[in-house]
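In what follows, residues are counted from 1 in the order of the sequence shown.
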Amino acid sequence: MLVTTNPQRTLWETILPPGYQDLPAELAGVDALLDDPVFFEPYRAHFSPVWGRPSIPIETYLRMMFLKHRYRLGYESLCREVADSISWSRFCRIPLGERVPHPSTLGKITARCGPQVIEQLNRALLAKAGQAKVVRTDKVRADTTVVPANVAYPTDSGLLVRAITLIVTLVARIHAAGAASRTTVRDRRRAAGRRARSISAHLKLRNDEAKTRVLAITGELADLAEASVGEATRVLLNARRHLYRHGAAASGGLAAVVVDLELVLARAGRVVDQTRIRLGGGTPDSATRLVSLHDPDARPIAKGRLGKPVEFGYKAQVVDNTDGLVLDHSLHQGNPADAPLLAPAITRITALFGRVPKAVTADRGYGEAKVEQDLTGLGVTRVVIPRKGKPSKARRDHEHRRGFRRLVKWRTGCEGRIAYLKRRYGFDRTLLDGLDGAQAWCGLGVLTHNTVKIAHLMQHGDPARSAATVTEAPPAHRPAGDTGPPRDPPRARSTAA
């Protein structure tokens, strides 16, 4: 059952001294911005208005997720800090003396509602800012980046060892639940670990003989993983028979383990197949290559960075304006081309605010004639995107104009915006698995970032000022008498940071 607000006040709040009842400036602005029923509407489709156990108040959930992504906290540490801080508890609308929601409750709501609800929240926030006339769409800039998945650097040998370990562990849990007890799987973890350590020793030699031996050991690991997959498949078959015979009396935990084993076997088979391709002298297709057993949607992406020539995760596009507001963002699996992503983003911005951006700029990765035609067809008057390849004399003269070069220089600020999102709002690594999880993670980061920006713009009024004069409010520090976690001291930050 959906609960949106918690209007109850306790006796303790009425006797608090005035200093304890005030919120820091940033949290006060965010609190006023989120105090709108429009942010409750996306959750109504996921909860019954009458039946079921009451949920935690959605206003509490939204504010706790803001604090989580604003200060880069985990669920457990977030709940501890909110319980320990009077100002944070009041900000989250938790009456004094009431228990803070359990960390698992926050994670379950995030997983249950998915990225679609977070996208609706982002649109509602931007629409509210547009109605307050603090959003400028005269010119926008776009750029792409890689949002790394929460995976270690993937190697064939490492994935094979991990697959063998997972298979043995899941089969042991099935046997412990009383299913497929007479179908055994040989424990090959020690053999796999010994070969993995042997690979590390041979790689230190750095000669042709060592490379040949490493390939041979990798083939042995593939044989071990293939044998484990074959034996575990029989366990999976018998476990399903056990579930079918017992019907509703079967353990729910056993059914969940059976589903997990089925997924692991399918992914382990893919790892074995791509290892065989590599041992045969080929290269697995990067569009379908599996780089993680727990995050199957992550893909290798090459962006040409010297320090990280290949990254493993998802491709994100960010479109922001002169005030640093992220007007549109999207996350994609694999490494799609930049050019086809721009026109749909401008279409979404136009539909949201009811007006077309006058000027759109991006880097050379978007530099195609079709992109300029599509944007012009949407009503954009100035498209400032350097073309790929060697330009003609007329195009070169056009790109050397003063106005063109000025907007190209302004576009580079989008790279600073992305760096800021990576440093402060979680774009450096998604901690939720899968494409849906990554979209939800980045969507919450953008929602938190825009909430801080919009609250600042609404507090300081005139949106026509230059972006160079806008300073972002620092993270809220502990007021006098607050027993919450220590905060960074206030300091001014430019929006281009």
Side-chain angles (χ1 to χ4, degrees), residues 119 122-123 126 135-147 286-287 299 301-305 311 313-419 421 427 435 439 442-443 446:
E119 179 60 28
N122 274 300
R123 290 200 298 266
L126 290 173
V135 179
R136 292 190 290 174
T137 59
D138 52 342
K139 55 182 181 179
V140 299
R141 55 195 178 189
D143 201 0
T144 59
T145 186
V146 176
V147 178
S286 61
R299 293 290 182 269
I301 301 175
K303 290 286 286 183
R305 297 176 59 184
E311 299 176 83
Y314 306 89
K315 188 170 187 177
Q317 177 181 257
V318 175
V319 182
D320 69 335
N321 66 355
T322 54
D323 288 321
L325 281 177
V326 178
L327 303 184
D328 185 83
H329 75 283
S330 57
L331 209 70
H332 308 272
Q333 186 179 22
N335 189 15
D338 292 353
L341 305 178
L342 186 54
I346 301 302
T347 302
R348 291 190 292 267
I349 293 174
T350 303
L352 181 61
F353 296 104
R355 55 184 183 273
V356 184
K358 297 179 181 179
V360 176
T361 179
D363 61 13
R364 200 176 299 273
Y366 295 87
E368 298 180 3
K370 187 177 185 307
V371 174
E372 190 166 344
Q373 294 172 2
D374 293 341
L375 294 180
T376 304
L378 292 174
V380 179
T381 56
R382 297 184 62 191
V383 180
V384 180
I385 303 176
R387 289 286 179 84
K388 298 177 181 177
K390 185 177 181 181
S392 63
K393 184 178 183 304
R395 181 67 188 181
R396 189 164 56 249
D397 293 340
H398 175 71
E399 294 183 2
H400 285 176
R401 292 178 179 176
R402 184 177 180 181
F404 192 99
R405 288 187 287 112
R406 184 186 298 114
L407 278 180
V408 167
K409 291 179 180 179
W410 175 74
R411 182 215 64 81
T412 58
C414 194
E415 299 178 2
R417 179 61 44 200
I418 290 175
L421 290 173
F427 270 56
L435 179 61
Q439 289 175 341
C442 294
V446 171

Contact list for residues 353-364, test side chain to side chain donor-acceptor pair (under 3.5 Å), sequence neighbours left out
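Passing the test, one end in residues 353-364: Thr137-Arg355.
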For residues 401-412, pull every pair meeting side chain to side chain donor-acceptor pair (under 3.5 Å), keeping only residues two or more places apart or in separate chains.
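Qualifying pairs: Arg411-Glu415.
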If you measure from CG on Asp320 to CG on Leu327, what distance do you get to the nearest 0.5 Å?
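Reported value, rounded in 0.5 Å steps: 7.0 Å.
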Could you list all the salt bridge (Lys or Arg N to Asp or Glu O under 4.0 Å) pairs where at least one residue sits in residues 373-385, not counting sequence neighbours?
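Listed by first then second residue: Lys370-Asp374.
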What residues form a salt bridge (charged side-chain N to carboxylate O under 4.0 Å, His left out) with [X], not counting sequence neighbours?
X	answer
Arg387	Glu372
Lys315	Asp338
Asp397	Lys393
Arg305	Glu311

So, for [X] and [Y], which heavy atoms are closest and what is the spacing to 0.1 Å?
X	Y	result
Pro357	Val140	CB-CG2, 4.1 Å
Val356	Gly379	CG1-C, 3.7 Å
Val326	Leu126	O-CD1, 3.9 Å
Ala142	Cys414	C-SG, 4.0 Å

Using the rule given for side-chain contact (heavy atoms from CB on, under 4.5 Å), can you reason through Asp323 versus Arg136, listing the C-alpha separation, both sets of side-chain angles and the distance that settles it, and then say yes or no?
CA-CA 8 Å; Asp323 288 321; Arg136 292 190 290 174; 3.1 Å; yes
Just to verify, what does Leu435 make a side chain to side chain contact (heavy atoms under 4.5 Å, CB included) with, not counting sequence neighbours?
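Here the qualifying residues are Asp297, Tyr314, Gln333, Gln439.
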Among Val147, Val318, Thr144, the one residue meeting side-chain contact (heavy atoms from CB on, under 4.5 Å) with Ile418
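Option passing the side-chain contact (heavy atoms from CB on, under 4.5 Å) with Ile418: Val318.
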Any side-chain heavy atom of Arg141 within less than 4.5 Å of one from Asp143?
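With C-beta onward as the side chain, the pair stays apart.
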Pair up each side-chain donor or acceptor in residues 339-351 with any protein partner under 3.5 Å, not counting sequence neighbours, and list the distances.
{"residue": "Thr347", "atom": "OG1", "partner": "Ala343", "partner atom": "O", "Å": "2.9"}
{"residue": "Arg348", "atom": "NE", "partner": "Asp328", "partner atom": "OD1", "Å": "2.8"}
{"residue": "Arg348", "atom": "NH2", "partner": "Asp328", "partner atom": "OD2", "Å": "2.9"}
{"residue": "Thr350", "atom": "OG1", "partner": "Ile346", "partner atom": "O", "Å": "2.8"}

Can you list every ring-ring contact (aromatic ring centres under 6.0 Å, His included) pair that touches residues 324-359, not counting sequence neighbours?
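Listed once each, the pairs would be none.
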Test side chain to side chain donor-acceptor pair (under 3.5 Å) applied to Glu399 - qualifying residues, sequence neighbours left out:
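If we apply the side chain to side chain donor-acceptor pair (under 3.5 Å) test to Glu399, skipping adjacent residues, the hits are Arg395.
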Just jot down the ring-ring contact (aromatic ring centres under 6.0 Å, His included) partners of Phe404, sequence neighbours excluded, or say none.
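By the ring-ring contact (aromatic ring centres under 6.0 Å, His included) rule, Phe404 matches His398.
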